[in-house]
Structure formats: structure tokens, C-alpha cells
Amino acid sequence: MAVAEQTNRSESVRPSSIASTVYDRIYERLMSLEIAPGSRIPIDAIARQLDVSQTPVREALARLEREGLVRKEHLIGFSAAPQLTRKQFDDLYAFRLLLEPEGARLAAERMTPEELSRLEQAAADMEHGEPPVDRNSRYSRFARADAHFHDEILRVAGNEVIRSTLFNQHVHLQIFRFMFHTRVTQEALEEHERLLVAFRAGDPEAARFAMAEHIERSRDRILVAF
Ligand SMILES: [Zn+2]
């Protein structure tokens, strides 16, 4: 197992054990579609490939099931969650547009200098994370960093119902998995920067607008894939 190469990973994904390293490997394969949506995930084969026992593989799959990337069926076992349908995609974005611009507005009203610098750090992590092991891990880390950035804004907003409702949808993992083969990163970073400008200025309306624009543009970038 390549444990050593992971020790310098960013805060949000730092592994603490073999279990989380195994989790990262399977997560990357799911996000990169190396494990195709809907396909079976045989525990014994994965354990052999990763040269570990079945226990950490089971643990990783249970966690991925909670995150909505994996499903478990009685007598069949684990499989990769199916790809989002167009309807699910539209519903998810409509849902985000209801909640996240308001979350950004509330966050701009309440943000302390310390919270702002944490958010700036989260944005910077997306842009200049550690050198990626490979394209898959770079991409799956980007997905996580984006999820972290958005969650951090909602944490500052202070409405835990909004935050946990969005978090439990695991929107980012689903969406990033969907658009693995599309170009996402640079434009999203520029949109995040516009959000940060609004937060630095303490401008709630600008923050609301920037978030709405970011989500709409993200939606439009992915719609091309349908
Ligand atoms: Zn984003």
C-alpha cells in the first residue's frame, strides 16, 4: 500500500490508518469511473488488488454507502451507485439554488476575519494542493475540496438545518463523479474567487449573487454532458 505518499495530504483527507487509505483508493476509482456506475464491487478482488484483508474494504464500502457512492443489496453485495439521471440532476441543482445563495448571504453577514482566512485557505487548497499522485487522485481531491469550501460557507452562515440538509445529499460527490470527463476546474476557481471578493467586502447581496451565478454556471457546464 502507498501509505507514505499520502502523509502530506491536506487536512480534510489526511488518512489515519490503513482503513482510510483503502477508502481513498476505492473513492478515487469510483470518482474516476474506473469502477463503472452500477457495476458490482467484489470485496475479495478489491482486497487482493490493494493487498489488504477484507475488513478495511468492508469498512470503506460502508462509509461510501453512507456517502451515496455505493449501494448494498441483500444477497448481491456492494455495487457502484448508478449515474445521476437528468431528473435527479435538475432536482439537485434546483435544490442548491434555493439554499446556497441564501447561505452565502448569511455567511457574508457573519463572517469573522478568522473564518474568512479559513475559507481563503480552502479555496487555495483547490488551486495549489500537493502534487497529485495521478489524474484520478487530483480530480477526486478537487471534488472533496470543493465540497469542503461550500460546506465551510454554510457553517459560517450558521443555519445548521440548511447545512446538514445539503451535506446529506453529498451533492458534490455525485456531481463530480458525473462530470469526470468534462473540464471543470478553472472556471469554478474563478467563481469561487468572486465569492471571496464579496466576503472580503462584507457584502451579503454580492455574496448571494456570486453563489447563485456559480451554481448556475456549474449546472450549465455539466448540462453539456447530457
Ligand atoms: Zn464550488
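Start at 1 and go down the list; that is how both ligands and their atoms are numbered.
Distances from the Zn ion (ligand 1) to each N, O or S atom of Asp146 single out OD1 as the nearest. Within His192, the N, O or S atom lying nearest to the Zn ion (ligand 1) carries the name NE2.
In this structure, NE2 of His214 and NE2 of His150 enclose an angle of 100° at the Zn ion (ligand 1), rounded to 10°.
Taking the charged nitrogens against the carboxylate oxygens, Arg118 and Glu114 have no contact shorter than 4.0 Å, which rules out a salt bridge. Ion pairing of Asp91 with Lys87 is present here, as a side-chain N (NZ or NE/NH1/NH2) and a carboxylate O approach within less than 4.0 Å. Checked for salt-bridge contact, Arg144 and Asp125 miss the test: no charged N lies under 4.0 Å from a carboxylate O.
For a distance bound of 2.8 Å, the N, O or S atoms of Glu191 include none lying that close to the Zn ion (ligand 1).
When all heavy atoms of Phe199 and Ala104 are compared, the closest pair comes out as CE2-O, 3.4 Å.
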